[in-house]
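For this chain, numbers begin at 1 and follow the sequence in order.
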Amino acid sequence: MIKENLQKIKQSIPENVTLVAVSKTKPIADIQEAYNAGQRIFGENKIQEMVDKYEALPKDIKWHMIGHLQSNKVKYMAHFVDLIHGVDKLKTLKGINKQAKKHNRVINCLLQVKIAKEETKFGFSFEEIESILSSEEITALENIKIVGFMGMATFTDNQKQLQEEFSSLKKLFDTLKTQNSSLKILSMGMSGDYSLAISKGSTMIRVGSSIFGHRNYN
Ligand SMILES: *Cc1c(COP(=O)(O)O)cnc(C)c1O
């Protein structure tokens with residue numbers, strides 16, 4: 001089923017949209033199956049779990065960290081992580097920079113922007129994003145590169161609200177892109193809302209359950 005699910009999604013999205021297969025909680029065998037079907041980008045939300053999978057699986061996989069970061073564990077993934085989606089603190093950016101430097105790498109990061117109305121969602125406010133991107137303290141960090149934004153919409157069926165949340169982030173992205181040519185990725189959309197997110201300008205979707213089936217936790 002994993003192969004068929006992947007094919008169905010790939011066929012339904014534009015070519016310029018990148019699919020991150022969210023494999024959190026799923027076993028190695030499932031990821032291998034998706035890999036055999038051609039998928040190369042996988043997303044995990046726990047560092048230790050991602051490290052274990054990285055070690056067990058083919059080395060041409062690109063691993064994306066999509067979860068809320070535990071700063072003290074960044075060091076375990078600094079040598080291989082391809083993109084970190086959920087950066088929502090300056091301190092975390094500095095921590096990633098420090099670990100990346102040890103491996104002589106530049107780690108690509110997305111700033112998480114709070115677009116949902118729920119209190120529980122992490123992320124910077126729109127005002128904070130603007131000030132971070134122009135702050136000398138951040139531009140001085142040579143071992144990280146801010147390549148775009150990540151947003152998570154409210155958990156709701158209200159299409160109008162989802163549209164507004166996605167559109168607001170797209171607007172911010174377009175505005176700041178004119179001043180900052182490194183901004184290329186807009187990560188928004190999950191199993192339930194990726195079509196809508198793409199119609200509102202997403203360039204990268206994070207899809208788990210529609211590929212691997214539902215999860216019992218997380
Ligand atoms: C789990 C997760 C996803 C994937 O969710 P699905 O609804 O299973 O597609 C996407 N993004 C983040 C940040 C997640 O934690």
- Do the side chain of Ser167 and the main chain of Glu164 share a donor and acceptor less than 3.5 angstrom apart? no
- Under 4.0 Å between a Lys/Arg side-chain N and an Asp/Glu carboxylate O for Lys200 and Glu165? no
- Task: Evaluate whether atom CD of Gln179 has more than 12 neighbouring non-hydrogen atoms of other residues, nucleotides or ligands under 6.0 angstrom away.
- Result: yes
- Task: Let me see the working for Phe149 and Leu110 under side-chain contact (heavy atoms from CB on, under 4.5 Å), right down to the final yes or no.
- Result: CA-CA 5 Å; Phe149 305 138; Leu110 304 178; 5.8 Å; no
- Query: Any side-chain heavy atom of Ile107 sitting closer than 4.5 Å to one from Lys145?
  - Reply: no
- Any ion pair linking Lys3 and Glu33 (charged N to carboxylate O, less than 4.0 Å)? no
May I have the list of side-chain donor-acceptor pairs in residues 95-103 shorter than 3.5 Å, sequence neighbours left out?
from	atom 1	to	atom 2	distance (Å)
Asn97	OD1	Glu142	N	3.4
Asn97	OD1	Asn143	N	2.7
Asn97	OD1	Ile144	N	3.3

- Query: So among Thr18, Leu19, Val22, which one has a side chain to side chain contact (heavy atoms under 4.5 Å, CB included) with Arg206?
  - Reply: Val22
- Please say whether the positively charged group of Lys59, taken as NZ for Lys or CZ for Arg, lies over the ring of Tyr54, i.e. under 6.0 angstrom from the six-membered ring centre and within 45 degrees of the axis. yes
- More than 12 heavy atoms of other residues, nucleotides or ligands under 6.0 Å from CZ of Phe80: is that the case? yes
- Message: Looking at Ser191 and Ser210, would you say the former's side chain and the latter's main chain have a donor-acceptor pair under 3.5 Å?
- Response: yes
- Message: Ignoring hydrogens and geometry beyond distance, is a side-chain donor-acceptor pair present between Ser209 and His214 at under 3.5 Å?
- Response: no
- Linked, directly or transitively: Ile185 and Phe173 (ILVMFWY side chains, under 4.5 Å): no
- Query: Would you call Lys8-Glu4 a salt bridge at under 4.0 Å N-O?
  - Reply: no
- Nearest-0.5 Å distance, OG of residue Ser195 to CD1 of residue Ile9: 9.5 Å
- Note on the structure: In short, Ile31 meets Lys26 closest at the heavy-atom pair CD1-O, 4.4 Å
- If only atom types and distance count, is the side chain of Gln163 paired as donor or acceptor with the main-chain N or O of Leu196 below 3.5 Å? no
- Backbone N or O of Gly189 within a donor-acceptor pair of the Ser202 side chain at under 3.5 Å? no
- Query: Are the side chain of Ser134 and the backbone N or O of Glu130 linked by a donor-acceptor pair below 3.5 Å?
  - Reply: yes
- Partner set under side-chain contact (heavy atoms from CB on, under 4.5 Å) for Asn158, not counting sequence neighbours: Thr156, Lys160, Gln161
- Message: Which heavy atom of Glu44 sits nearest to which heavy atom of Trp63, and what is that distance?
- Response: CG-CZ3, 3.9 Å
- Task: Identify the residue among Val147, Leu111, Leu172, Ile146 that makes a side chain to side chain contact (heavy atoms under 4.5 Å, CB included) with Leu183.
- Result: Ile146
- For the pair Glu118 (side chain) and Phe155 (backbone), establish whether a donor and an acceptor sit closer than 3.5 Å, ignoring hydrogens and angles. yes
- Message: Just by distance, no angles: are the side chains of Asn45 and His68 close enough, under 3.5 Å, to form a donor-acceptor pair?
- Response: no
- Excluding sequence neighbours, so at least two apart, what forms side-chain hydrogen bond (donor to acceptor under 3.5 Å, both in side chains) with Tyr35? Asp60
